[in-house]
Amino acid sequence: MDKLSEILQQKFGHTSFREGQKEIIEQVIAGKDVVAILPTGMGKSLLYQLPAYFMKGAVVIVSPLLSLMQDQVEQLKMFGEKRVVAINSFLTYEQKEMVMSNLAMYKFIFTSPEMLQNKRFNCALSSISIAYIVADEAHCISQWGYDFRPDYLRISNWLDAFPEANVLALTATATQKVVDDIKGTLHMSNPFEFIHSLDRPTIAYEVQKADSQKEKEAWIMGRITTTNGPGILYTQSRKKAEYYAYELEKKGVKVAFYHAKLEQEDRVLVQQQFQQGDLDWICATNAFGMGIHKDNIRQIIHDHIPTSIASYMQEVGRAARDGKQSIASLIYTNSDVEQAFYVAMKDFPDETDIHAAFQSEEYQILLPETTFRILSYWKEILSEQETIALFHDIKKRKWLEIQKLFTLFQSELCIREQILNTFDEQLTTKPKNCCFNCSLDLQQLLTKREYQNLENIELNWFNRINELLRP
DNA sequence: GTGGAACACGACGACGTGTTCCACTGAGGTCGTT
């Protein structure tokens, strides 16, 4: 048995590697930069965990969510690794000081892109030896960096302080544009690239067009109340997620809603209940998904046009992790394109905002928080004209992407094939249940289910009490 | 930009039609203060 397999068995209890894992791990150990695109459930964590045991120094893992960090810290501790810490706002000032003063003790250091801008933290990091740096869920660099969390783009400058460390970028879905963004931001020159096929033959694609919002709602309610989950209904707004959860609950469906405005404890609770099977459906915004461990999701429904093909695939990819047949359905109306564009654009500064922000600091403070944050970042590195040009470009790109997605859903060609082509991939074999435009046996795909309508039960009770009280 | 609700209007009263207004609209982390 070679050394890698030995550690795999000793530390992680696996007897063999999955496709691509060994190759990637070898490249990381050899000191190469690596971009690895692997579907959810293909063992991405192992790719950064295992090489650490062959290299001197610590591993810094940049993660987008606090919950994801906690999750991974716990997972490593379960494997018996004690030298692991997450440095983020969950720690008090005193705890942070304590960890930073003893940073050399740790093998795995999890942190957020925001934290990488902390001077005290950087000072501590520069005093220890770093083997390699990991960008987990690296698509966030491209997806969030430009218009939401500019600290993702600041990783670029931060990396200059660690020229010796190689970088490993991990994600489940990335178009060529996203890969280019990742490589650029992480200063990767000639990295080893492992790109697993994005095609998931056990996910069938269904697209439905509705003439009105009412028709759309009726279709969604009908589908969820007559067929089996577990499933996720992705809505475009928090309000809609709550509305559907409320309506479905009345029909007897075990359901909860999930979005960014939920308290942290409620989020954890909903997530756990769904994972344990106590809930059949989650009505959620795009906040739901990263770090969800559930293998048997059978249905993903979208009630809108997503803002990018990559995020659509991320969301759809949460189904069928157990390899069993599942279905991804999307229902839209013509006006949904405009809605998607509005949502994608609403925090972007317009030309007047950019001009005013470059003229006066006070004006910038009047802007919405996200807009202010984005502008502050670009003001540091670009001129006013360059910033205007940049946002013009980003807006145009977003609009084209949404349009492309809309055209794709409207087209009569194979949906699977078109999606794969967007990711520069060719479809080699069509599964039996491919898509709405090829072949789709809905009766086979969707198991019938009857729910007990709680509205009727309440009504019956109301009638019975009335009868009893009648003089 | 769209869609739905509310309102105005015509004309002997209810209701269809046109106009106006307003709601819709994601994602996370950190710091300092209460």
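The sequence lines fix the lettering, A, B, ..., with proteins before strands; numbering per chain opens at 1. What you see below is based on every heavy atom in this structure, not just the backbone, and it leaves out hydrogens, waters and symmetry mates.
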Checklist entry - Would A:Q208 and A:E206 count as having a side-chain donor-acceptor pair, cut-off 3.5 Å? => result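 Their side chains do contain a donor-acceptor pair, which is all the 3.5 Å distance test asks for.
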[X] side-chain N/O to [N] phosphate OP1/OP2 under 4.0 Å:
{"X": "A:R238", "N": "B:dA27", "value": "yes"}
{"X": "A:S112", "N": "B:dT30", "value": "yes"}
{"X": "A:S335", "N": "B:dG1", "value": "no"}

Can you measure [X] atom [atom1] to [N] atom [atom2] for me and round it to whole angstrom units?
{"X": "A:E338", "N": "B:dA23", "atom1": "CD", "atom2": "C1'", "value": "16 Å"}
{"X": "A:Y332", "N": "B:dT2", "atom1": "OH", "atom2": "P", "value": "16 Å"}
{"X": "A:H139", "N": "B:dA27", "atom1": "NE2", "atom2": "C1'", "value": "10 Å"}
{"X": "A:R149", "N": "B:dT30", "atom1": "CZ", "atom2": "P", "value": "8 Å"}
{"X": "A:F121", "N": "B:dG29", "atom1": "CZ", "atom2": "P", "value": "15 Å"}
{"X": "A:Q117", "N": "B:dT30", "atom1": "CD", "atom2": "P", "value": "12 Å"}
{"X": "A:L91", "N": "B:dT30", "atom1": "CG", "atom2": "P", "value": "9 Å"}
{"X": "A:R267", "N": "B:dG29", "atom1": "CZ", "atom2": "C1'", "value": "11 Å"}

Item to check | Electrostatic pair A:K240:A:E242 at N-O distance under 4.0 angstrom | outcome: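 A salt bridge is absent here (no side-chain N lies under 4.0 Å from a carboxylate O).
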Next on the checklist: Tell me if B:dC31 is syn or anti. Syn = glycosidic torsion within 90° of 0, anti otherwise.
Outcome noted: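 The base of B:dC31 is oriented anti (glycosidic angle more than 90° from 0).
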Checklist entry - Between A:K216, A:K209, A:Q213, A:K214, which is the residue that forms a side chain to side chain donor-acceptor pair (under 3.5 Å) with A:T333? => result A:Q213
Next on the checklist: Apply ring pair (Phe, Tyr, Trp, His ring centres under 6.0 Å) to residues A:Y332 and A:H304 and explain how you reach the verdict.
Outcome noted: CA-CA 5 Å; A:Y332 69 96; A:H304 62 284; over 10 Å; no
